[in-house]
There are 2 protein chains.
Amino acid sequence: MPLKTPITVALARFEDLLGRGLRQLIESDPGLEVVATEVDHSRLPVVFQAHAPDVAILDAGALARLAEVRELTIEHPATKLILLANSPSMSECAQLLAFGASACLGKDTQSRDVLNAIYLASRNLRVFPRAVSAEPGPSLSGQELLTRREAEVLPLLQIGRSNAQIALALQVGVETVRTHARSIYRKLGVSSRRELAGPPARGLLREIGSPGLPQQDLPPSLIARGWPAGA
Amino acid sequence: MPLKTPITVALARFEDLLGRGLRQLIESDPGLEVVATEVDHSRLPVVFQAHAPDVAILDAGALARLAEVRELTIEHPATKLILLANSPSMSECAQLLAFGASACLGKDTQSRDVLNAIYLASRNLRVFPRAVSAEPGPSLSGQELLTRREAEVLPLLQIGRSNAQIALALQVGVETVRTHARSIYRKLGVSSRRELAGPPARGLLREIGSPGLPQQDLPPSLIARGWPAGA
DNA sequence: GAGAAGGGTGAGCCCCACCTCACCCGTGTC
DNA sequence: GACACGGGTGAGGTGGGGCTCACCCTTCTC
């Protein structure tokens with residue numbers, strides 16, 4: 001194994017108490033190096049430019065739009081994003097990962113799993129929490145979240161399906177698909193399916209959770225279960 | 001001023017990251033002494049009995065029933081309770097304080113304000129966050145929260161008003177009041193207005209927030225604004 | 001020009017939470 | 001016995017969010 005250089009981590013601004021815990025956790029791990037803390041989300045591009053951190057941990061609740069994740073991953077593909085949200089639901093995580101995030105974790109995640117996620121993300125693996133709340137429970141930033149139906153339409157738009165094809169797949173009318181698409185565009189701040197089709201981070205998917213250490217890699221089919229693997 | 005003995009603080013179990021931050025914050029304050037950490041809510045009575053801490057900081061999200069707060073404050077009046085919730089609403093905080101909690105703070109509260117709240121609570125002051133989310137946003141444990149109307153009925157029940165009097169005050173029928181009362185009893189785990197009328201913690205109300213240090217004491221009328229000041 | 005997309009508006013429907021009220025019953029108090 | 005209270009059940013009404021679909025328009029591409 002070559003010389004171990006520490007993984008550089010940038011920390012966004014979090015709630016004060018959680019930020020303290022997060023910083024202390026990461027600084028106490030010899031394999032990790034904090035290069036920035038309490039970075040306001042508006043300053044993330046600058047910090048990414050200056051430090052090119054391997055991993056950045058962001059507050060999903062501080063995202064004004066989910067599309068921010070998308071923009072960051074496109075602009076700075078070398079920096080893997082880990083999103084911390086308030087008990088995120090499965091679909092919320094799916095949306096964040098579809099936009100290029102490398103991990104989506106609840107703020108109640110065990111410290112050990114947070115560290116695991118950092119190492120996994122730095123190796124270009126994507127991390128999905130095991131114990132996400134089922135479906136109900138609108139959390140995250142609360143606003144501008146895709147509905148269940150919109151979340152079904154999104155991946156089909158991302159892979160370039162036509163409205164008619166989507167309508168056929170979902171067994172609804174074309175007009176309905178167009179309505180969902182409009183809603184998605186508005187919420188995500190884009191104006192066409194082409195803008196949605198950017199290259200999300202690739203990589204295997206791992207699942208972490210309290211029971212123990214990360215398991216074996218999951219088959220690629222699991223990536224496609226939540227949303228298609230890309231155009 | 002007499003010899004300064006540190007204020008003893010018990011910490012309930014929190015999300016791992018937040019718990020780290022909270023513990024580190026409090027342990028770094030020379031005026032505070034942590035006597036217990038990561039206390040499961042089921043073990044709170046035991047810990048209160050053993051250490052009789054001046055202040056205990058609890059996770060509002062871990063409360064099975066809001067009535068737990070009430071029971072703890074009645075059983076252990078010497079221990080002041082500080083509740084941390086996920087962006088609590090005004091009515092949530094009002095309910096918690098009505099049940100004897102000394103403070104209700106968001107988990108995004110500034111460290112400085114958390115320390116302030118501990119000191120204020122230990123001096124039998126009640127602390128209300130300044131920047132609470134308006135009305136919408138069901139957070140907290142999510143379940144068994146009083147509705148807006150129930151929250152209006154509760155204080156009137158607590159001061160022993162009859163159903164007819166409440167009906168008159170709220171301009172609704174007696175049957176409606178009885179329905180609200182039933183709902184309140186069920187959610188709070190009590191079975192009469194007498195059980196609701198127990199002695200909540202008394203004390204002045206302070207408001208804390210980011211702008212600066214705590215202001216002057218608020219007039220008692222402010223206590224009565226959210227709910228009557230007791231029988 | 002035809003067809004697909006994107007953008008705006010609005011309608012109808014369903015589900016759910018909340019509010020309101022009306023019954024039923026039993027108990028305790030005066 | 002009259003009355004208030006607690007407990008159970010259910011019926012309406014209302015409001016919001018989501019899903020579905022139907023129009024209207026412009027733009028772009030082939």
Side-chain angles (χ1 to χ4, degrees), chain A residues 67 89-92 95 134-154 156-197 231, chain B residues 67 89 91-92 95 133-154 156-197 231:
Chain A
S89 73
M90 197 61 103
S91 79
E92 286 166 4
Q95 286 173 41
E135 269 309 307
S139 47
L140 242 161
S141 53
Q143 63 210 0
E144 299 309 66
L145 252 181
L146 299 190
T147 68
R148 182 178 49 79
R149 206 55 162 159
E150 287 162 1
E152 292 180 81
V153 173
L154 172 59
L156 300 174
L157 288 173
Q158 286 183 305
I159 62 175
R161 293 274 190 276
S162 73
N163 291 339
Q165 287 174 312
I166 296 173
L168 194 63
L170 298 184
Q171 291 288 297
V172 295
V174 178
E175 286 301 321
T176 303
V177 174
R178 284 169 26 81
T179 300
H180 289 318
R182 269 194 298 274
S183 217
I184 293 170
Y185 297 157
R186 180 182 52 77
K187 289 180 179 176
L188 269 40
V190 302
S191 60
S192 77
R193 64 235 289 137
R194 278 177 302 283
E195 290 183 62
L196 287 174
Chain B
S89 73
S91 79
E92 286 165 5
Q95 286 173 41
S133 61
E135 268 310 306
S139 46
L140 245 163
S141 54
Q143 64 212 356
E144 297 310 65
L145 251 179
L146 299 190
T147 67
R148 182 178 49 79
R149 207 54 163 161
E150 288 162 0
E152 292 180 83
V153 173
L154 171 60
L156 300 174
L157 288 174
Q158 287 184 304
I159 61 174
R161 292 274 189 277
S162 73
N163 290 340
Q165 286 175 311
I166 297 173
L168 194 63
L170 298 184
Q171 290 290 296
V172 296
V174 178
E175 286 301 322
T176 303
V177 174
R178 285 170 24 85
T179 300
H180 288 318
R182 269 195 298 273
S183 216
I184 292 170
Y185 297 156
R186 181 181 51 77
K187 289 181 178 177
L188 269 38
V190 302
S191 59
S192 77
R193 63 232 296 135
R194 277 178 302 283
E195 290 183 62
L196 286 175

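Lettering of chains follows the sequences in order, A, B, ..., and the numbering in each one begins at 1.
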K.L.:
Side-chain atoms of residues 167-181 of chain A: list all donor-acceptor pairs with protein atoms under 3.5 Å, sequence neighbours left out, distances to 0.1 Å.
P.N.:
residue  : atom : partner  : partner atom : Å
A:Gln171 : NE2  : A:Leu168 : O            : 3.2
A:Thr179 : OG1  : A:Glu175 : O            : 3.0
A:Thr179 : OG1  : A:Arg182 : NH2          : 3.4

K.L.:
Under 4.0 Å from any atom of DNA chain C, heavy atoms only: list the residues of residues 161-171 of chain A that qualify, in numerical order.
P.N.:
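Of all residues in residues 161-171 of chain A, the ones placing a heavy atom under 4.0 Å from DNA chain C are A:Ser162, A:Asn163.
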
K.L.:
Measure from NE2 on A:His180 to P on C:dA5 and round the result to the nearest Å.
P.N.:
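Answer to the nearest Å: 16 Å.
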
K.L.:
Rounded to the nearest 0.5 Å, what's the gap from CG on A:Leu157 to CZ on A:Arg193? Could you check?
P.N.:
5.0 Å

K.L.:
Taking atom CD of B:Glu152 and atom CD1 of B:Ile184, what is their separation to the nearest 0.5 Å?
P.N.:
10.0 Å

K.L.:
Side-chain N or O of A:Arg149 versus OP1/OP2 of D:dT20: is the shortest distance under 4.0 Å?
P.N.:
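Yes, because at least one side-chain N or O of A:Arg149 sits under 4.0 Å from OP1 or OP2 of D:dT20.
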
K.L.:
With side chain to side chain contact (heavy atoms under 4.5 Å, CB included) as the test, would you mind laying out the steps for A:Lys187 and A:Leu154 before giving the verdict?
P.N.:
CA-CA 11 Å; A:Lys187 289 180 179 176; A:Leu154 172 59; over 6 Å; no

K.L.:
Take nucleotides 22-30 of chain D nucleotide by nucleotide from the 5' end and write B, S or -, depending on whether a protein heavy atom sits under 4.0 Å from the base, only from the sugar-phosphate, or from neither.
P.N.:
BBB------

K.L.:
With 3.5 Å as the limit, what N/O pairs link the protein to nucleotides 11-17 of chain D?
P.N.:
none

K.L.:
Who passes side chain to side chain donor-acceptor pair (under 3.5 Å) against A:Ser191, sequence neighbours left out?
P.N.:
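Side chain to side chain donor-acceptor pair (under 3.5 Å) check on A:Ser191 returns A:Glu195.
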
K.L.:
Over its full length, what angle do the end axes of the helix from C:dG1-D:dC30 to C:dC30-D:dG1 make, each axis taken from five pairs and the result rounded to 10 degrees?
P.N.:
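Between the first-five-pair axis and the last-five-pair axis there is 0°.
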
K.L.:
What is the distance from CG of A:Leu196 to C1' of C:dA5, rounded to the nearest Å?
P.N.:
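Result: 13 Å.
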
K.L.:
Of all the choices, D:dG6, C:dG6, D:dC21, which nucleotide is nearest to the side chain of A:Ser192 once you look at every atom?
P.N.:
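Looking only at side-chain atoms, A:Ser192 lies closest to C:dG6.
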
K.L.:
Output the rounded distance in Å from CZ (A:Arg193) to P (C:dA4).
P.N.:
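About 12 Å, once rounded to whole Å.
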
K.L.:
Going by heavy atoms in the side chains, are A:Leu146 and A:Val153 under 4.5 Å from each other?
P.N.:
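No; the side chains remain at least 4.5 Å from each other.
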
K.L.:
At what distance, to the nearest 0.5 angstrom, does CG of A:Leu188 lie from CZ of A:Arg186?
P.N.:
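Reported to 0.5 Å precision, the distance equals 10.0 Å.
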
K.L.:
Mind calculating the distance between CD (B:Glu152) and C1' (C:dC19) to the nearest angstrom?
P.N.:
11 Å

K.L.:
Would you mind reading off the distance between B:Glu150 atom CD and C:dC18 atom P, rounded to a whole angstrom?
P.N.:
8 Å

K.L.:
Would you tell me if any nitrogen or oxygen in the side chain of A:Tyr185 comes within less than 4.0 Å of OP1 or OP2 on C:dG7?
P.N.:
no

